[in-house]
Amino acid sequence: MPLRKKYTVAALLCGVLLGGCEGEQQANGAAVSHADGGAAEKMAAVEGDISVWPQLKPALAKDPELEARIGDLMVKMSLEEKVGQMIQAEIKYVTPEDVKEYHLGSVLNGGGSYPDNNKFATPQDWLALSEAFFAASMDTSDGGVAIPIIWGSDAVHGHNNIIGATLYPHNIGLGAARDPELIRRIGEATAREVAVTGVDWTFAPTVAVVRDDRWGRTYESYSEDPAVVKAYAEAMVKGLQGEKDDDDFLRGENLVATAKHFVGDGGTMRGIDRGDNLVPEKELAEVHAAGYFGALPAGVQTVMASFNSWNGDRLHGHEYLLNDVLKERLGFDGFVVGDWNGHQFVPGCTVDSCAAAINAGLDMFMVPSDWKELYKNTLAQVQSGEIPMTRIDDAVRRILRVKIRAGLFEHQRPLAGKDGILGNDDHRALAREAVRKSLVLLKNNDNLLPLKPKQNVLVAGDGADNLSQQTGGWTVSWQGTGNTRADFPGATSIYEGIEEVVKSAGGEAVLSEQGEFNNDSFANGRKPDVAIVVFGEEPYAEWHGDLSSLEYQQTTKTDLALLKKLREQGVPVVSVFLSGRPLWVNREMNASDAFVAAWLPGSEGAGVADVLFTGANGEMRYDFTGTLPFSWPHYVHQTVLNPYHDDYEPLFQLGYGLQSGDESLVSNQLTEDGETYSDGALEDAWMLVSRPRAPWQLQIAEKGQAPVAVTGNRATSGEDANITVASIDMESQEDARKIEWKGLRDGSVMLVAEIPQDLSRYLKEGAALSFDVRVDSKPQQPVSAIIACGDDCSAELPLQSTLQSLETGKWSKLSIDLQCFVDKGADFSRVSNALALSTGGQLSLAVANIKYVPKAADKAAMRCEG
Ligand code: BGC
Ligand code: BGC
């Protein structure tokens, strides 16, 4: 028997969690369906049923003395000062002088933002800036009241914005440890490192309970199991803030923590970041809010509102959830901070004006750059009565309550500027322990693991000696990109750990990324006894990391080739897979003798070798103890997969994990049918949803010119900028592209794949090409929709008259039967270009949501005209 760790979960309702019910309905028959302003028909707000939420007591009893102290401050504060308290600006856009003048309540540093914009800023530089902000906030020379500022930062896996900090495994890896006590200790150690730099507050923990693993923030989630998230949220809050009954709660070596993102961030449709969560309220409470039932009783002082919507309504403007549920029913008496300009998506709001969010219960705006305008507008909205004074007073009271509780007025910072804390040995040892406990052994044929160190070990794969890959997103930079070895002083790569263990036992470890070796590679002239191949995802963070498919290396398969090559040479292969989520890796699994899910282990890569190898004499050092925090897919379409489903058929279930000696019954013949062949229900093939979905890339192509890749939020072609593509908002931030053709020559904007894709199943299943379009100026010359299948094959449909028939400035949904393209010569078994829009004339339009939708051909709006 393979060891399938027994796992029980409270039976939570859930047909709704099934991937199947999240599909979007295709617009029916009509030639072209119009949707107002693009925002499609908004779902009516769901009536709240407060009874599905437990009634919680405030974590801390009301303290009359503290409330009186707040009252004393409040009577002295002007309206301007109160509004200032509700503003949090970003350190790139705000100075201590601004803080003094506007009495700002808070600053943050965003991911990859540092004092003086200097990546190598020292802890002393951080502290100096923090002290300058503090002094400015306490400066009463203009007659104002001294209220200490609070600085917040994303210390989400250690103090990850500062070079030299200890970086713990990302939350998903910690989830594998199932060890709340470890989490508490990590919280404590993180708080100490943050405290050195004069930062008072961390935007952690993330308590998302993720459903669709394509979400780019899956690794910020501890588990798909609400019970794990709840236990960890409590432990992390206690670690960061201290115990609420202790004298040093929130003070001294402790910080203020944040439970984020309230609420439902992990349940958005198709795993789209900042998207819409459509679950019933009971499920919102029982699944998605689980972490709050751990964090709130532990006394978490701040909650961050989420970017996402619930049933069409943005959380930043959700009075029912922020006020009735969080503050009243759940007894939260700290303050609600917004997410990065998240208020702008509330209907009627912009970045610099949003009374609705405050009125709904937001207490502090996170408004990185445009804070001055927002401040002025908010002030005016209070003066005009649009925001009631009672709401301002409540928000400020909450902010002051947290500041007083955290001892900010006393300004005792015992650890500030201290040497020997940031990245110290104790903290690194703790992180290394966490790495050991996070490893999950999924396959171990013939008990290949653990390995004896005294042998020839070939270490391969681009993740083997790659600190950037093993630390992932939210590391020094926002997306975790652009980092080099120099950004990780004191850290160890996975290879470095292996080398140390092997060498000290008298074996030899040789690093070759490409897995190459010859007779001279090892001193004893023999070939490798084993290869350890470390590979996986490249770093990413929010939205950039969203996927359309769980298939690993959908296009290139270079790692699979490496594994196969080694095996063909008779070398047993141990795969160490670095990823922020479970991915469909059946092929790589088939090509491995042993397979370890190592997640994103952080700075202490040596923890991997601790578990892979025995001691010098074959004695066990550390066995595998990690178990899956997320179910692992057997089929590529299992994007939403968890035990609450009736047809739960994972490859490895939630809680699975082998120990050495366990018999591993993973077949070497797992189905290798990937994305385009999967037997499951064919899902919509998304090519562009907010951003192009891999393998598709957006490109501008013009006659006689090299193609221009559209990677950022704006791109133009040629010196005369004949074509411009810019990101714009349809329903959410940058979810659409505006394309302008000047008409100087023929040119197209297209979605291309480097390797042609077999999409013939879509044709067989009667799919239609569908996209949202808004014509801003009508075409004067022919326009075509083109699908290409390699250099020698393409099909072109005329689009001019259809576009001309649309009302300008309005969003419409266009759908075209794929068969129309076949009639014009398209071969869907090798699509290199899923859609190109092409014209030689002037044209201005916007597009969004480009996809192939199965079974929609019959209802396709556009028949094969022309
Ligand atoms: C993220 C938050 C983060 C904030 C500040 C946002 O984009 O969603 O999790 O705390 O930025 O960096
Ligand atoms: C910041 C991040 C933030 C993100 C939100 C980035 O520029 O550095 O902290 O989460 O923007 O869009």
Side-chain angles (χ1 to χ4, degrees), residues 12-13 16 42-59 86 203 205-211 226 229-230 233 258-269 273-297 300-349 354-366 387 391 394-395 398 732:
L12 288 158
L13 53 146
V16 221
K42 274 259 155 83
M43 293 237 169
V46 177
E47 281 287 302
D49 174 8
I50 202 86
S51 71
V52 305
W53 302 86
Q55 174 94 58
L56 299 187
K57 279 204 310 267
M86 298 169 68
F203 305 129
T206 295
V207 298
V209 179
V210 177
R211 302 289 89 174
V229 175
K230 178 179 179 222
T258 311
K260 76 184 187 185
H261 311 80
F262 189 80
V263 59
D265 48 352
T268 57
M269 274 172 63
D273 195 43
R274 308 178 172 194
D276 199 0
N277 184 326
L278 298 175
V279 300
E281 189 170 1
K282 189 163 158 55
E283 192 177 329
L284 188 72
E286 291 179 352
V287 175
H288 296 285
Y292 298 90
F293 302 126
L296 292 172
V300 73
Q301 291 297 295
T302 73
V303 168
M304 189 182 289
S306 189
F307 276 120
N308 68 273
S309 308
W310 178 49
N311 289 319
D313 296 321
R314 290 282 176 186
L315 258 298
H316 275 70
H318 214 298
E319 187 175 357
Y320 172 68
L321 289 173
L322 294 182
N323 189 65
D324 303 5
V325 172
L326 177 64
K327 291 179 176 175
E328 286 175 10
R329 184 83 174 171
L330 306 184
F332 174 61
D333 70 0
F335 68 86
V336 177
V337 62
D339 202 344
W340 192 278
N341 284 332
H343 54 274
Q344 68 176 309
F345 303 117
V346 175
C349 289
C354 192
I358 298 297
N359 286 341
L362 190 84
D363 300 310
M364 183 185 279
F365 285 115
M366 184 187 288
I387 301 176
R391 183 67 266 280
D394 173 54
R398 288 168 176 275
S732 61

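Positions are given from 1 along the sequence. All heavy atoms count here, side chains included; hydrogens, waters and symmetry mates do not.
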So, do [X] and [Y] sit near enough that their side-chain heavy atoms are less than 4.5 Å apart?
| X | Y | value |
| --- | --- | --- |
| V207 | Y292 | yes |
| L315 | L321 | yes |
| F203 | D339 | no |
| L284 | N277 | yes |
| M366 | M304 | yes |
| F345 | N341 | no |
| L322 | K327 | no |
| C354 | F365 | yes |

State, to 0.1 Å, how close [X] and [Y] come at their nearest heavy-atom pair, and which atoms those are.
| X | Y | result |
| --- | --- | --- |
| H316 | A360 | O-CB, 4.3 Å |
| I387 | A355 | CG1-CB, 3.6 Å |
| P297 | A59 | O-CB, 3.7 Å |
| A233 | A295 | CB-N, 4.0 Å |
| L296 | V300 | CD2-CG1, 3.8 Å |

Would you compute the distance between atom [atom1] of [X] and atom [atom2] of [Y] and round it to the nearest 0.5 angstrom?
| X | Y | atom1 | atom2 | answer |
| --- | --- | --- | --- | --- |
| C349 | H343 | SG | NE2 | 7.5 Å |
| S309 | L278 | OG | CG | 9.0 Å |
| I50 | R329 | CD1 | CZ | 5.5 Å |
| E283 | R211 | CD | CZ | 7.5 Å |
| D313 | N311 | CG | CG | 7.5 Å |
| E286 | W53 | CD | CH2 | 10.0 Å |

Practice problem: Test the R274-F307 pair against the cation-pi criterion, namely NZ or CZ under 6.0 angstrom from the six-membered ring centroid and within 45° of the ring axis. | Solution: yes
Quiz prompt | salt_bridge(K57, D333) N-O dist < 4.0 Å | solution = no
Practice problem: State plainly whether the residues R391 and D363 are in salt-bridge range, i.e. N to O under 4.0 Å. | Solution: yes
State whether the side chain of [X] and the backbone N or O of [Y] hold a donor-acceptor pair below 3.5 Å, judged by distance alone.
| X | Y | value |
| --- | --- | --- |
| R314 | G342 | no |
| Q301 | G334 | no |
| N323 | E319 | no |

Practice problem: Using a cut-off of 6.0 Å, state whether more than 12 heavy atoms not belonging to K230 lie near its atom NZ. | Solution: no
Quiz item: Pick from V336, V303, N308: which one makes a side-chain contact (heavy atoms from CB on, under 4.5 Å) with F262?
Solution: V303
Quiz item: What orientation do H318 and W310 show, parallel under 30°, tilted 30 to 60°, or perpendicular over 60°?
Solution: tilted
